Participant: 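Before anything else, here's the structure in question.
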Amino acid sequence: MKPTLKLLALALLLPMLSIAQSQASNWYFGDGAGIRFNDNGSVTALTDGKLNTKEGCATISDDDGNLLFYTDGIRVYTKDHVIMQNGNGLYGDPSSSQSALIVPNQKDTNIFYIFTVDTSVFEADPDYGLNYSTVDMSLDGGKGAVTIKNTKLLDYCSEKITAVLKDCFDKSVWVITYANENGSEGVFNTFHAFEVNDSGVVTTSVKSKVNSFVSDKRGYLKLSADGSKMASANVSEGLFLYDFDADTGTLTNEQRINISATNKNPYGLEFSPNNELLYVHTYNAQQGLAVESSNLLQYNLTAANISASEVVLDEQNIFRGALQLGENGKIYRSVANSYDQGTSYLGVINNPNQVGTAAGYQHNAISLQGKLATQGLPPFIQSFFAKEDLVKNTDGSTSASLTICETEELTLEVDAIPGATYTWSLNGSVLIGANSNTYTVAKTTMTDAGKYTLEVTPADPSECPIIGEAQININPLPVINNATLTQCDLDASSTDGFAVFNLEQASFDISNGIAENTVSFYANQADRDSNIPITTPIGFTNTTATNQTIYTSVTNKNGCIVYAELALEVQPTTSSLPKALPYYACDMDSYDAEQTGMFDLESIKTKDYPGLEVSFYVSIEDAALELNPISDENYISTTATLFARLEASNQCQGVEEVNLIVQPTPVVVIEDEYYFCTDNPILELTAELGFDTYKWFKIEDNGTETSISSSVNTTITNVGNYRLELGYSYNSGAQICTNSKEFKVTPSNIAVITNVEVKDIRKNNSITILVSGDGDYEYAITDPFGPYQDSNNFTNVPAGILEVFVRDKNGCGTTEPYDVSVIGYPKLFTPNGDSINETWQISGISNTFLAKSDIYIFDRYGVLVAKIDPSSVGWNGTTRGIPAPESDYWFRAKLEDGRDFNGHFSLKR
C-alpha cells in the first residue's frame, strides 16, 4: 500500500514568505564542480564553474532560480563565470571551512552582502577575521559589481558562519559567527549575531557568551531552518548544540554532544528539514595518516539523551566534508579522499526526516561529470529551507517527496486552522477551486506529477504565513496485453483436454515485450487479489479441460502494477508422435571415440516445415514446456532423437520426432612424408583397402588441387604436397562421408663425398666427412654395414688407410668405399725375432697414398742410421747389417703433400 499524503500539523508559524527558496537552486564548489536543482526534484551536474577551493564557497540565485554570482571568499564570479568588476581581494580564504555566505538586502533586491571569514594557512598569511563586501547587481549590465569591499566586523574569529531569517515582517536576517567576546585573537567563548536589515548591516553584534572555550577554528556552524537550534562543530574540541532565539539573536542552553563513533572529530553539519535530527560528518583529524577515515552520524534532537541516540549511517576511508540541505529536501555530502584530493561524486541522505538507517544514505550518488568535490559545499540562509513537508508516512515520519503510480489516489491534507486561507499550487500554477484544508486527486495521471505548494495564511495578520511543499513523482503503469497460450496435448491420454503449460512463455506478449517487467500468474481472481501466485508456472497443468483463464499481474521496474488475463487452450494430438525422415551427418572426427556430426537445423526448418515456427528440443518434456530450446543452427550431436515443436502465431500446432543419424567417416592411414629418390624418380603409393572412394590430389604452391588418381594406388613422379581422400558411401550414394590427410613428397638421393678432413699424427686422430646431396645421411668407417652414426665426425681414429661410407636414411643407397689416409707411427718396436713388432714404419702411407714421401731415422747423437721407403715394411732395427742397440731413436718425415714432421720412438730387444 502507498502512504497517504497529508499535510503535517502546523504547530510552528514559519517565516517563509519573504524568502524565495529558488535562491539556492545553483551550487558551485570544489574544483570546477556544481549542481542545479530542477523543478521536479532531480539534480543536474554543472561543469562550467571556475572555483578551485579546498573548502569554503558560496552561491546565490534569483527568485526564479537563475544564477547571479558565486565566490570562494576571495574572488567573485558572475553568472557568465568571469570575475565580477572589483571582484578580487575579498578577505575570505578557500581553506576556511565556511569562507563566505551571501545575504540579500530584503528591501533593495539588487544589493547583496558577502560575509567572509578568514584563516591563516602559513606563518606569513594574515587573518582578517569577519568582514563583509557589498555587491550591486544593477551594475555592469546586470552582471553586478563589488561596490564596497572588506568592511571589518571582527578582527579575529573562527572559520564558521551561518544565517537565518529573523521574522517574516521586518525581513531582517541574523548572520552569526564564533569568536571571543571582543572579536580579538584568542580562544572562542562568544557567538556574535549581526543583523542585516533594510538599512544594511548592523555592525554591532548581539553577543551570546557560552560556557565552553574553543581554540580550534575549523568546522561548520549551522542553524536549523526554523531558527530554533544551532550546532557548532569544532573539530578537535567537540560538537555543541544550542537553542537560538530568532527574535533577539541570542543563544542559550549549551549542550555537548559526545561522539561515540570511530572517527570523533566533527566537521560538516546539517539539520533535517523537520528540525528534529542533526547530521554530522566526522573524521580522524590525526596528522600523517596513510588512509583517511570518516563517519556520517545522525542524532535525534527529541531524544532524552541526544548523545545516546547516535546512529552511524556510513563509515568510509575518505576525508572530512560538508553537509548541506538542498531545495528538494535531501542532504548532500561532499566526498574527498584527502585534503588535496577530491572525488567526482556527492553522497546523498535521501530521507533526512527518517530516524536511523531509514534516512537512506547513498554514497557516490551524484556524479559531477568529472569535476571534483573537495571538503566544502555552499552555505545559505537556512530559512531558504524552512518549509513543512507535506508527505506523512504511515510511521508518522515526514518526507519532502513521494513517488506513486499512475491511477493511485493522492490526498494532501492539513489540519484546519479557523479563518485561515489555503492556496494550493502545482508547479507554480494556482489550482483553481483548491481552497480548503484538503486537496485530493482520486485517480492520478502523469499530468498530476510535480511540485505541490500550500500557502496557509492565518486569519491573524500578526502571524506569519505557513508554507508546505511536496515533490510528487508519478510513474507510468506498464503497457500490457491479454494473451492466449495454446498447448499440444502430449500425454498418454492425448485427447482429454489437459496439458502441461509453461506459463512464462506468455510473459513476453503480456508485458508488451518489455523484459524489465515482472509477470506473475494466479489460478483465479481471488488468488490474484490476495497475491497468492501459482508456485510452478513452468509445468502448470490446467484444471479445467480444454480452456481455462489464468489471471496475471504485470509489475514494471518502478513497482507499478496492472492486471491482464491469459487464456489457456489445449489442442488434442494423435496417440503417437509422427516421425519425420531421418537426417544424416558425417562423423566430424573419426579419430576420437565418439561419433558426432553437425546438423543444419535451419535447413531442416526451411525444407520440411515451411510456414511454421519450429523449435527443437532434446526431450518431449522440454518441447511441451518450451524449455532449453536448441539455439545453434549448426547443431553438433551424436546419433539421437530430437523433438520439433511446431507453432503458428506462437501457438502449438504439434510435435514431431526428428531422428539424427551420424555416419562413420574413414580413418586415413598414410605417412606424413615420403621420400623421392631423384636418381630413381618413381614412387608408388597404395592406400588401405576397404573404402568406397579414393581420391589422390597434388596440391600446387598457390593452394589449388589437381586430381592425379581415383584408384587405390597412385604413382608419384614429382616432389611436393599431396592429399589422399577416402570415403564411405551411404544411402545408395546419396551421402558420401569423406576424410583426408595431407602428406608431402621430399627429394632424396645417394650422397656424394666431396672431402674428408683429417686431423692426424696426434694422440686423438679424427676425421670429418663432407658430402653433398638432397638426402638425410648417416656415416660409418671401415664397414659398409656399420655401425652408422648421425654425426659426420669420428674421433680416436686409428692410423692407417681407412674406408669411409655414407648411407641415405631415406633408402636411396650407400656410397662406394672412400679411402682416407690417417698418418701415425708406433712408439716402440722389438726386432728380436719373435715375428711381433719386428719393423717400424709410418702408418697411412702406401703405394697409392703419399708414395713419394721420405722418412729418415737418427740415433740420439743425430747420426743417420736408416732411410725408409714408404712402400716398404719399414726399418728392421739394423744399421749396415748390424743390429742397432736398444735406445731411443728420432725420425723425420717429409711427406709428399708437403708436411714435414719429426718424432721419436724406442727400440727394445
Side-chain angles (χ1 to χ4, degrees), residues 8-9 11-12 160 162 164 176 178 188-189 191 208-214 216 218-246 250-285 293-316 320-323 325 331 333 349-361 382 386 389 392-399:
L8 297 178
L12 298 175
K160 315 173 196 303
T162 188
V164 73
I176 305 171
Y178 197 20
F188 311 135
N189 66 347
F191 287 96
S208 298
K209 191 173 182 180
V210 295
N211 296 325
S212 59
F213 292 89
V214 171
D216 195 330
R218 299 169 296 172
Y220 271 66
L221 186 68
K222 279 291 180 74
L223 281 155
S224 60
D226 66 357
S228 64
K229 298 286 185 181
M230 190 178 76
S232 178
N234 307 294
V235 179
S236 63
E237 294 176 86
L239 174 64
F240 292 88
L241 181 68
Y242 304 89
D243 291 333
F244 181 70
D245 186 342
T250 57
L251 290 100
T252 56
N253 190 27
E254 181 179 71
Q255 300 178 68
R256 174 185 283 273
I257 298 177
N258 297 312
I259 298 172
S260 301
T262 305
N263 300 287
K264 302 183 183 301
N265 301 109
Y267 183 78
L269 296 172
E270 189 55 281
F271 288 89
S272 61
N274 65 4
N275 312 297
E276 294 180 356
L277 302 172
L278 176 66
Y279 292 90
V280 186
H281 190 170
T282 65
Y283 75 112
N284 188 339
S293 60
S294 71
N295 286 109
L296 179 61
L297 309 177
Q298 182 198 78
Y299 294 93
N300 189 339
L301 304 183
T302 66
N305 186 336
I306 296 175
S307 297
S309 72
E310 177 183 290
V311 176
V312 178
L313 299 180
D314 183 66
E315 185 167 339
Q316 299 278 343
R320 67 191 184 194
L323 298 172
L325 184 60
I331 295 176
R333 176 194 194 185
I349 304 172
N350 286 295
N351 306 301
N353 284 342
Q354 299 276 348
V355 176
T357 56
Y361 175 69
Q382 287 296 95
D389 293 336
K392 184 176 182 180
N393 302 308
T394 54
D395 62 359
S397 63
T398 64
S399 302

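A quick note: this is a predicted structure, and the numbers were derived from the prediction, not measured.
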Participant: Listed by chain and number, what are the side-chain hydrogen bond (donor to acceptor under 3.5 Å, both in side chains) partners of Asn253, not counting sequence neighbours?
Facilitator: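 Asn253: side-chain hydrogen bond (donor to acceptor under 3.5 Å, both in side chains) contacts with Asp243.
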Participant: Would you check, one step at a time, whether the test side-chain hydrogen bond (donor to acceptor under 3.5 Å, both in side chains) holds for Tyr361 with Arg333?
Facilitator: CA-CA 10 Å; Tyr361 175 69; Arg333 176 194 194 185; 2.9 Å; yes
Participant: Rounded to the nearest 0.5 Å, what's the gap from CD1 on Ile331 to OG on Ser272? Could you check?
Facilitator: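 Between Ile331 CD1 and Ser272 OG, I get 6.5 Å after rounding to 0.5 Å.
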Participant: Evaluate the side-chain proximity of Leu269 to Leu239: yes if any heavy-atom separation is below 4.5 Å, no if none is.
Facilitator: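 Yes, at least one pair of side-chain atoms sits under 4.5 Å.
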Participant: Quick one: are Ile257 and Val280 in side-chain contact, heavy atoms under 4.5 Å?
Facilitator: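 In short, these two side chains do not touch, never coming nearer than 4.5 Å.
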Participant: Which atom pair, heavy atoms only, marks the closest approach of Ser208 to Thr250?
Facilitator: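 Looking at all heavy atoms of both residues, the shortest contact is OG-CA, 3.2 Å.
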Participant: Can you tell me how far apart CG (Leu251) and CZ (Phe191) are? Round to the nearest 0.5 Å.
Facilitator: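 Reported value, rounded in 0.5 Å steps: 6.0 Å.
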Participant: Calculate, to the nearest 0.5 Å, the distance between atoms CG and CG belonging to Asn234 and Leu221 respectively.
Facilitator: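 Separation between the atoms: 8.5 Å.
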Participant: Looking at every non-hydrogen atom in both residues, tell me the closest pair between Ser228 and Asp226 and how far apart they are.
Facilitator: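 Here Ser228 and Asp226 meet closest at OG-OD1, 2.8 Å.
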Participant: Calculate, to the nearest 0.5 Å, the distance between atoms CD1 and CD belonging to Ile176 and Gln382 respectively.
Facilitator: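 It is 10.5 Å, given to the nearest 0.5 Å.
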Participant: Could you tell me whether a side-chain N or O of Asn305 sits under 3.5 Å from a main-chain N or O of Ala308, the two making a donor and an acceptor?
Facilitator: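 The answer is yes, because a donor-acceptor pair under 3.5 Å joins these two groups.
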Participant: What heavy-atom pair brings Asn284 and Asn263 nearest, and what distance separates the two atoms?
Facilitator: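 Result for this residue pair: CB-OD1, 3.4 Å.
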Participant: In a check of side-chain hydrogen bond (donor to acceptor under 3.5 Å, both in side chains) between Ser294 and each of Glu315, Gln316, His281, which one passes?
Facilitator: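 Passing option: His281.
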Participant: Do Ile306 and Leu301 touch side chain to side chain, with heavy atoms closer than 4.5 Å?
Facilitator: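 Contact flag for Ile306/Leu301 side chains = yes.
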Participant: Considering only heavy atoms from C-beta outward, does the side chain of Asn295 approach that of Thr262 to under 4.5 Å?
Facilitator: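 The answer is yes, as the side chains (C-beta and beyond) meet within the 4.5 Å cut-off.
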Participant: Test your reading of the model: is there a side-chain donor-acceptor pair from Asn275 to the backbone of Ala225, 3.5 Å cut-off?
Facilitator: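 Yes: the side chain of Asn275 pairs with the backbone of Ala225.
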Participant: Could you check whether the rings of Tyr267 and Tyr283 sit parallel, tilted or perpendicular, using 30° and 60° as the cut-offs?
Facilitator: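 Rings of Tyr267 and Tyr283: perpendicular, as their planes differ by over 60°.
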Participant: Measure the CD-CG distance between Glu310 and Leu297 for me, rounded to the nearest 0.5 Å.
Facilitator: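 It comes to 5.0 Å.
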Participant: On a heavy-atom basis, which atom in Tyr242 and which in Val210 lie closest, and how many Å separate them?
Facilitator: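 Heavy-atom minimum between the residues: CE2-CG1, 3.6 Å.
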Participant: For Ser212 and Glu254, which heavy atoms make the closest approach, and how far apart are they?
Facilitator: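 Minimum heavy-atom contact is OG-OE2, 2.7 Å.
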Participant: Give me each pair satisfying salt bridge (Lys or Arg N to Asp or Glu O under 4.0 Å) with a member in residues 260-276, each pair once, sequence neighbours excluded.
Facilitator: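 For residues 260-276, and leaving out neighbouring residues, the salt bridge (Lys or Arg N to Asp or Glu O under 4.0 Å) pairs sorted by first residue read Lys222-Glu270.
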Participant: Working to the nearest 0.5 Å, report the span between OG1 of Thr302 and CG of Leu277.
Facilitator: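 Going from OG1 on Thr302 over to CG on Leu277, the span is 7.0 Å.
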Participant: Is the closest side-chain heavy-atom distance between Ile259 and Pro266 below 4.5 Å?
Facilitator: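 Result yes, sub-4.5 Å side-chain heavy-atom pair found.
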Participant: With sequence neighbours excluded, what pairs up with Tyr299 under the ring pair (Phe, Tyr, Trp, His ring centres under 6.0 Å) test?
Facilitator: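 Expected list: none.
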Participant: Side-chain contact, heavy-atom cut-off 4.5 Å: Asn265 with Thr282?
Facilitator: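 Asn265 vs Thr282: side chains apart.
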Participant: Can you give me the closest heavy-atom contact between Leu313 and Ala359, atom names plus distance?
Facilitator: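 Residues Leu313 and Ala359, closest heavy atoms: CD1-CB, 4.3 Å.
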Participant: Ignoring hydrogens and geometry, is there a side-chain-to-backbone donor-acceptor pair from Asn350 to Gly360 under 3.5 Å?
Facilitator: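 Judged by distance alone, yes, a pair lies under 3.5 Å.
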Participant: Is the shortest heavy-atom distance from the side chain of Lys160 to the side chain of Ser232 under 4.5 Å?
Facilitator: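 Lys160 reaches Ser232 side chain to side chain.
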Participant: Hey, are the side chains of Gln298 and Asn300 touching, using non-hydrogen atoms and a 4.5 Å cut-off?
Facilitator: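 In short, these two side chains do not touch, never coming nearer than 4.5 Å.
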